[in-house]
Student: 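Got a structure for you, written out below as structure tokens; questions coming shortly.
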Amino acid sequence: MASLVSSPFTLPNSKVEHLSSISQKHYFLHSFLPKKTNPTFSKSPKKFQCNAIGNGLFTQTTQEVRRIVPENLKGLTTVKIVYVVLEAQYQSALTAAVQTLNKNGEFASFEVVGYLVEELRDENAYKTFCKDLEDANIFIGSLIFVEELALKVKSAVEKERDRLDAVLVFPSMPEVMRLNKLGSFSMSQLGQSKSPFFQLFKKKKSSAGFSDQMLKLVRTLPKVLKYLPSDKAQDARLYILSLQFWLGGSPDNLVNFLKMVSGSYVPALKGVKMDYSDPVLYLDSGIWHPLAPCMYDDVKEYLNWYATRRDANEKVKSSNAPVIGLVLQRSHIVTGDESHYVAVIMELEARGAKVIPIFAGGLDFSGPVERYFTDPITKKPLVNSVVSLTGFALVGGPARQDHPRAIEALMKLDVPYIVALPLVFQTTEEWLNSTLGLHPIQVALQVALPELDGGMEPIVFSGRDPRTGKSHALHKRVEQLCTRAIKWGDLKRKSKAEKKLAITVFSFPPDKGNVGTAAYLNVFASIYSVLKDLKKDGYNVEGLPETSAELIEEVIHDKEAQFSSPNLNVAYKMNVREYQKLTPYATALEENWGKAPGNLNSDGENLLVYGKQYGNVFIGVQPTFGYEGDPMRLLFSKSASPHHGFAAYYSFVEKIFKADAVLHFGTHGSLEFMPGKQVGMSDACFPDSLIGNIPNIYYYAANNPSEATIAKRRSYANTISYLTPPAENAGLYKGLKQLSELIASYQSLKDSGRGPQIVSSIISTARQCNLDKDVDLPDEGQEIDAKERDLVVGKVYSKIMEIESRLLPCGLHVIGEPPTAMEAVATLVNIAALDRAEDDISSLPSILAATVGRNIEEIFRGNDNGVLRDVELLRQITEASRGAISAFVERSTNSKGQVVDNSDKLTSLLGFGINEPWIQYLSNTQFYRADREKLRVLFQFLGECLKLIVANNEVGSLKQALEGKYVEPGPGGDPIRNPKVLPTGKNIHALDPQAIPTTAALQSAKIVVERLLERQKVDNGGKYPETVALVLWGTDNIKTYGESLAQVMWMIGVRPVSDTLGRVNRVEPVSLEELGRPRVDVVVNCSGVFRDLFINQMNLLDRGIKMVAELDEPEDQNFVRKHALEQAKTLGIDVREAATRVFSNASGSYSSNINLAVENSSWNDEKQLQDMYLSRKSFAFDCDAPGAGMMEKRKVFEMALSTADATFQNLDSSEISLTDVSHYFDSDPTNLVQNLRKDGKKPSAYIADTTTANAQVRTLSETVRLDARTKLLNPKWYEGMLSTGYEGVREIEKRLTNTVGWSATSGQVDNWVYEEANTTFIKDEEMLNRLMNTNPNSFRKLLQTFLEANGRGYWDTSEENIEKLKQLYSEVEDKIEGIDR
């Protein structure tokens, strides 16, 4: 590989030969190589398959390219300088400065060597660094913000600090800043001293402000300090001058900088007079254009110069040209490393756009953005869209960020905000060869943080030369970035009537009954509501039918078809020649799918695009993955490329329909899950090729920030959140309702003679309701005493209250229709049930419990143990909470049920102690003495939440995006835990990945882990489990701020340690004494989404597990070590490798595909499903070679799983449970572990449920039963679904299919669940006809699923039931053909 580095990547300074990116597929190689290639290279494309080269780290560059050793010594003193920087832009300027000094060679000769912070991960590089420091005179460091590397720098420099002549550290982490010393000037007191200089560093949170204050200080201090006599002041002055020289980073400034520091502080040069000039100061912020005569700090002057340019064509100067604002990093401009900026400016101008490129020297761009992008007089924006080429957050760069300030500036500007990425830690070639794409630290700093500002489209636009360290443009990427920026800008400039919108709906699994699938969303009713609104607003939506039901008909049924047609409406037929012309990457799909047109979305000659056009709006159906029904393809560990039909769909949308924007409707499609790099894609990654240049707007469920983030990063989506349907309590029905009545009569009559009789009715009714699996019931007719009677009743009561109070989303959400105030009551009750210590808000149950002298946690424990008194008290508390909150909501709404948005009404409520509605309600209960002050604080908070729940901005935000405006960002997650998720209609983001797990998450995790281990001890004869196999999900960890991540840490006994900036990048072991139990081994299966979002955390876990495996502890106290030693011996590898426990899919692949196999019935037996799991999920992350990406380690994976005593997953929010989505069973290894274990014993399977304040650990089968009772078999739930029509039938069918999935992966579904479902949906004639008429395709799938459950041995039932199902199946087949005919 080394031979490659020299030839194609050196860039002549005169003219940048633009490079484009390449792929690992050789058909693309020609697009990136400059014309004169190295012949050996072009002949062997195979070389590109390698993933990580050399040391397995992210970068293979070394300090040697930055080492200069002077040649002519002339007996001069040699001054040796060692520097460490974050990015390489200082390399060329420093090199030039040192060469100039050595050429003139008057006073001294200079030896210099430089390191990029990232290179210090490599042990050899670090050793060389320490050795270089041993004979160095001067050390310089800048922007060292990565904790583990900062600590390495600190420990190396500390050893030599006293001996070094000067140590200069420019803005970095405080630990490194404390190393500064210049004569008597030092910062060792940093953060403690009273002096104004140190006060700067203590400013809370606003480090952006810090860098600005520092710049002001840098401006004024030298002038003041000049007149102070003491040496101290002179040393401080020289430090400030050094900083000025450094920030002015041109070769001339650096020459004077080195002269000044060596002349003043190197003892051997003490008597030598070295003259140096003052720093040449550049503007701190301003406007820079490569062809302009100077930098401007007035936008009007810049625009005047622009209008008189001779070199620019008239199109660019015209007042109609699109205007793009660019945000640049000043250090790249002053050090002369700006060729990548020039390329972007030239490309935009070549495409007819005017450019305003601004820069700032500090880390706060919010001021310059307001100053230079807004017209000073009219205050209107001068730009149509903004592209930041720095990659950093708008305020605060790599240090601490101030997102609210950034959002405020961007909302004022109100244009789309794109944050593109220069490669920082890798060279171009390393990025191209990496399956991960961008370096994880760069993802955390330059992708995750800008997203919190509302930044989108993380497109890599420039690379780095490994030898000179200079940036160079990647030409194809620059073209795409510029085209997309102009297209977003065009949305602001075009009239509504001429804008074209392509609405894309999904169909999972592919079947006519499934068109328009999206989580919690009534898709067609939503599209209809959105289109009506757009039409009213002036968009051309010609021929829109009268109702949403007709809209479904028109999209789904091909009216022209003469006979039974499985087809949807065909909007366009694309012949093969046209397809190949419009789709440049078509040949890349042939490896997986053969020649076009193939047999998916094609009629044998043409590729078919399904959908329907209304005026300027096209509603299209996104094709599916294409391999759902092919068991062989499902087994491949790497997912297949998109098929020709999929590519044709996006080519049609962009190039034939010519959409101005595409709107993906609902959570979620398959575009963003196509193969390619995880983040920072090249033009050979499929999501990038498919979306092309179309602005992508994507409606995503507010509670799914993780997959929304994948859509942002991999399909460049502007994600807009929608609400999940309002939650209700599951309530009781049929036998369960009868039970609650029996229990009520037992409580009033238990002391009369009728007690025993009622208890025996309770026992037999509980048996009929199949509660005997959940509660230990005595045999019928068995004599039991009064105390035991209370206990039996208490346990049954506790179980049915658990069912009654379970929250479920009822029905499906329609975009733009917020819940009414009364529908929000159940959500508010649950918001009120959580303590919020950080805001000093007590939970309502704890306030009420305190009034009767009890602690709510005790009541929870008593309730869980079936103590009748506590079960009853908890029910009363729950009822009082609901009543008080309903009373409050009633008083804050008008007669139409809308929340009155006048704060007066709320204030008046909060003003009269006695009349507050909640006080009035509670005054008639036993809780009348509740603490009024605490209640007032809580209800004030609930009042805010209520306004947010009923606010409606989902359509409003879509219109903003379509008009080329800025959509306000907001966190995704669970509105109950984090009401900041509301109101919906925000551009969803995840969180700063380095912020988790939080301290609170660790606390919650400890409780769950202890309960899990206790539960397993009870079920396992008092023994601790040796290994737990568990799953980490992206969304769960965002919602809970890393609870499940912290659970893994607590099982193995390590705790996270945060650095001075509050980021978690290290773990340390907890002693066995503190842990009080053995360390439990884990096998961690990370979802593909978790792997993409939290690769730093995978690194953390892997480091923690390996650290624990190497501890010198007895094996019976450290199961991680015990198993690692056994596995190392068996496999003949070292203990570190044997302790590999963090697994996921191969990069760019997602899920084990078991879900696809189950949904499409494309599997033969359970063994086949287990093979899919093993082949797709056995890719390990290795903290010792993090740059290598995911490596297949199937043997270690199988051996680790074979020790598992328990499998474990988390449920963290009420709207998603085990049978709502297929992800949960897709990741469940219960039956697989049984097959891998030597003793063939089935592991216990547990589910932790933290959806309420009373966290529970249940067995998997208990949770499946609870789910069936509260959803599938609950009239409240299925009637709510059926009220939405066509989509509702599909939702019912989906729950049954997912139940079969659990039977297949775990065998934990009871027979009665299928039997009751059959009674509910098939035996009831009226229900059966409703299902059949509303959505015959989904009803057919429901019948098929029942028959499959029986055929596979999961459901044992009567012959006549099966006969009836078969007969219905053939009836519905005929009906479907009849309908289509």
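As the structure is a computational prediction, the values presented were derived from the model and not from experiment.
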Student: Would you check if there is a donor-acceptor pair between the side chains of Q89 and T335 at a distance under 3.5 Å?
Tutor: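 Absent: no donor and acceptor within the cut-off.
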Student: Would you check if I356 and Y302 make a side-chain contact, meaning some heavy-atom pair closer than 4.5 Å?
Tutor: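 Contact flag for I356/Y302 side chains = yes.
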Student: Check the orientation of H439 and F425. Use parallel for under 30°, tilted for 30 to 60°, and perpendicular for over 60°.
Tutor: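 Tilted: the ring planes of H439 and F425 meet at 30° to 60°.
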Student: Is any side-chain N of the basic residue among R178 and E175 closer than 4.0 Å to the acidic one's carboxylate O?
Tutor: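 Looking at R178 and E175, the cut-off is not met.
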Student: Please assess E64 against R67 for the test salt bridge (Lys or Arg N to Asp or Glu O under 4.0 Å), listing each intermediate value before the final yes or no.
Tutor: CA-CA 5 Å; E64 296 312 316; R67 188 184 292 280; 2.8 Å; yes
Student: State, with a plain yes or no, whether a side-chain heavy atom of M274 is found less than 4.5 Å away from one of V266.
Tutor: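 M274 vs V266: side chains apart.
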Student: Ring centres of W246 and F170 under 6.0 Å apart?
Tutor: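 Close enough - the centres of the two rings lie under 6.0 Å apart.
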Student: At their closest point, which heavy atom of G183 faces which heavy atom of Y265, and how far apart are they?
Tutor: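 Scanning both residues completely, I find the closest heavy atoms to be N-CE2, 3.3 Å.
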Student: Looking at R464 and E87, is any side-chain nitrogen of the basic one under 4.0 Å from a carboxylate oxygen of the acidic one?
Tutor: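 No, this pair does not count.
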Student: Tell me, which pairs form a ring-ring contact (aromatic ring centres under 6.0 Å, His included) where one or both residues lie in residues 96-137, sequence neighbours left out?
Tutor: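 ring-ring contact (aromatic ring centres under 6.0 Å, His included) check on residues 96-137 returns Y115-F129.
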Student: Does the side chain of V167 come within less than 4.5 Å of E160's, by heavy atoms?
Tutor: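 The answer is no; the side chains never approach within 4.5 Å.
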Student: Are the charged groups of R1063 and E147 less than 4.0 angstrom apart, N to O?
Tutor: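 Result for this pair is no, no salt bridge flagged.
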Student: With a 3.5 Å cut-off and sequence neighbours excluded, list the donor-acceptor pairs that the side chains of residues 251-260 form with protein atoms.
Tutor:
| from | atom 1 | to | atom 2 | distance (Å) |
| --- | --- | --- | --- | --- |
| N253 | OD1 | V280 | N | 2.8 |
| N253 | ND2 | G248 | O | 2.8 |
| N253 | ND2 | V280 | O | 3.1 |
| N256 | OD1 | S277 | N | 3.1 |
| N256 | ND2 | D252 | O | 3.3 |
| K259 | NZ | D275 | O | 3.4 |

Student: Please give me the minimum heavy-atom distance between G1042 and P997, naming the atom from each residue.
Tutor: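 Taking G1042 first and P997 second, the nearest heavy atoms are O-CB, 3.5 Å.
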Student: Can you check whether W288 reaches R330 side chain to side chain, under 4.5 Å on heavy atoms?
Tutor: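 The answer is no; the side chains never approach within 4.5 Å.
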Student: Strictly below 4.0 Å, N to O, side chains only: are E408 and R405 in salt-bridge contact?
Tutor: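 Salt bridge flag = no for R405 with E408.
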Student: Which residues satisfy the salt bridge (charged side-chain N to carboxylate O under 4.0 Å, His left out) test with D135, sequence neighbours excluded?
Tutor: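 Expected list: K80.
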